[in-house]
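Please read the structure below before turning to the comments.
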Amino acid sequence: MNIYKMRDLIIEGITAKRNDVSHKFDRENEELRVERTDNGQGITIALSKALNKAKNDDKIIDELVYYIDESINRMGEEKIDAETATIYPVVRATSFPDKSKAGDPFIITPHTNETNIYYAIDFDKSYRLIDEALLESLSMSAEDMKVLAANNLKNLPVEIKKQTVQDNDFYFINHNDGYDSSRILNTDFLHEMLGKTEGEMLVGLPHQDVLIIADCKNNVGYDVMAQMMMQYFAEGLTPITSLSFSYDGTKLQPVFILGKQRNYNNKNKK
């Protein structure tokens, strides 16, 4: 599959579901834009990122069509009930836009040199980032909204899958609920994981839908973490950062890793 075939399959899938959208393809940036015809709101898909993910996910077209359809549906609903709205924090790269398409500044809290915290109203199958105009409509202060989002985050489940490579333990959080990377903001969870580590604890959020925690006990651990971060970052539809962070219980510190070990599958090699 190439970019153009993926574009055509996505357009075919979304137009089969609805007739209230238009689409345009940015050949230079390899992006597909799908918009509602009634209000011009829409979503942009980076096809090059999606194509990388398609190498390991044969259902990517169906997932993208579903995601676009749900997002387009939500963009048609202008009124949001503040009493029933569920708000969560979401982590994005510092290069992520700081304003909505309408030009309204998003509510942002600095996180690390690589990341910022945004806030989103959850709609179960999609969400909307909160900008100043939306916050005003909710009749809620930014501080109250942030406290609410942090409390909601702590109530999200955290299921972990573990993999060990040459004595180094790697933990993967991947619920595909849109808030996997956000779980890095759950300090209670980070402290719990720190208590389990024997080596240096590294935390990685290469894209929105995964959080990786590594217990690095030797050089191989650092190298495996670096390789995974690069791979996940390249495949993610909403990439955040390919850098890992060292966590000591108080702060997240970016770590630059130059991998050297290559015997990942030889468990007798220490």
Side-chain angles (χ1 to χ4, degrees), residues 1-81 85-88 90-93 95-104 106 118-131 133-134 174-182 206-210 231-240:
M1 186 186 303
N2 58 33
I3 290 288
Y4 304 103
K5 179 63 174 178
M6 172 170 278
R7 174 200 62 187
D8 293 343
L9 289 174
I10 293 173
I11 292 174
E12 179 182 337
I14 195 63
T15 53
K17 283 179 170 288
R18 58 195 313 142
N19 59 6
D20 60 345
V21 295
S22 63
H23 53 80
K24 54 186 176 183
F25 177 60
D26 184 336
R27 188 182 303 273
E28 181 178 353
N29 295 313
E30 297 182 334
E31 294 177 341
L32 177 65
R33 174 77 178 172
V34 181
E35 297 181 348
R36 294 182 63 95
T37 54
D38 56 357
N39 60 20
Q41 294 188 50
I43 184 170
T44 301
I45 301 296
L47 296 183
S48 57
K49 296 288 185 181
L51 190 62
N52 284 329
K53 187 175 182 181
K55 297 175 183 177
N56 299 314
D57 184 358
D58 57 4
K59 297 181 180 179
I60 185 63
I61 299 297
D62 291 339
E63 292 175 1
L64 284 171
V65 170
Y66 179 83
Y67 171 64
I68 293 171
D69 185 42
E70 289 294 335
S71 299
I72 292 294
N73 275 337
R74 187 56 55 190
M75 290 169 184
E77 299 178 15
E78 297 180 353
K79 294 185 179 180
I80 298 174
D81 185 352
T86 303
I87 299 173
Y88 293 108
V90 292
V91 182
R92 291 289 182 267
S95 59
F96 193 82
D98 58 2
K99 295 181 180 179
S100 68
K101 293 290 184 181
D104 296 308
F106 289 121
Y118 291 66
Y119 300 88
I121 293 182
D122 182 77
F123 298 113
D124 187 26
K125 296 176 182 178
S126 63
Y127 58 77
R128 177 178 170 185
L129 293 180
I130 298 176
D131 54 38
L134 178 54
N174 179 221
H175 298 80
N176 281 317
D177 58 4
Y179 308 104
D180 287 310
S181 64
S182 298
H207 63 72
Q208 170 185 289
D209 296 312
V210 68
Q231 178 181 346
Y232 277 80
F233 179 76
E235 294 177 353
L237 295 180
T238 309
I240 299 177

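Taking the six-membered ring where the residue is Trp, the centroids of Tyr127 and Tyr179 are separated by under 6.0 Å.
Of all the heavy atoms in Ala234 and Asn52, the pair that sits closest is O-ND2, 3.4 Å. Between Gly178 and Val90, the shortest heavy-atom distance links the atoms O-CG1, 4.4 Å. Residue Ser71 comes nearest to Ile43 through the heavy atom pair OG-CD1, 3.9 Å, listed as atom of the first residue, atom of the second, then distance. In terms of heavy atoms, Pro206 sits closest to Val210 at CG-CG1, 3.6 Å. When all heavy atoms are compared, the tightest approach of Glu31 to Ala46 is CG-CA, 4.2 Å. Heavy atoms only, all atoms of each residue included: Asn174 and Asp209 are closest at ND2-O, 2.6 Å.
With a 4.5 Å cut-off on side-chain heavy atoms, Thr238 and Arg92 count as touching. A 4.5 Å side-chain heavy-atom check between Leu9 and Glu12 finds at least one atom pair inside the cut-off. The closest side-chain heavy-atom distance from Leu134 to Ile121 is below 4.5 Å.
Using bins of under 30°, 30° to 60° and over 60° for the plane-to-plane angle, the ring pair Phe96/Tyr118 lands in the perpendicular bin.
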Exercise for the section: Tell me, with the steps shown, if Leu32 and Ile11 meet side-chain contact (heavy atoms from CB on, under 4.5 Å). Expected result: CA-CA 9 Å; Leu32 177 65; Ile11 292 174; 4.1 Å; yes

Practice task
Evaluate side-chain contact (heavy atoms from CB on, under 4.5 Å) for Leu237 paired with Leu64, printing each intermediate quantity in order.
Solution key: CA-CA 10 Å; Leu237 295 180; Leu64 284 171; 3.6 Å; yes

Problem - Derivation and outcome, side-chain contact (heavy atoms from CB on, under 4.5 Å), residues Asp180 and Gln208 - result: CA-CA 6 Å; Asp180 287 310; Gln208 170 185 289; over 6 Å; no

Exercise for the section: Could you check Ile14 against Ile72 for side-chain contact (heavy atoms from CB on, under 4.5 Å), going step by step and ending with a plain yes or no? Expected result: CA-CA 10 Å; Ile14 195 63; Ile72 292 294; 5.6 Å; no

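Under the 3.5 Å distance criterion, the side-chain polar atoms of Thr44 are left unmatched by any main-chain donor or acceptor of Arg33.
One distance of note links NE2 of His23 with OG1 of Thr15; it measures 6.0 Å at 0.5 Å rounding. In this structure, Glu30 CD and Leu51 CG are separated by 8.5 Å, a value rounded to the nearest 0.5 Å. Distance check, rounded to the nearest 0.5 Å: CG of Asp98 to CG of Leu129 gives 12.0 Å. A distance of 9.0 Å separates CZ of Arg7 from CG of Asn2, quoted to the nearest 0.5 Å. To the nearest 0.5 Å, atom CD1 of residue Ile3 and atom CZ of residue Phe25 are 6.5 Å apart. To the nearest 0.5 Å, atom CG of residue Asp20 and atom CD of residue Glu35 are 12.0 Å apart.
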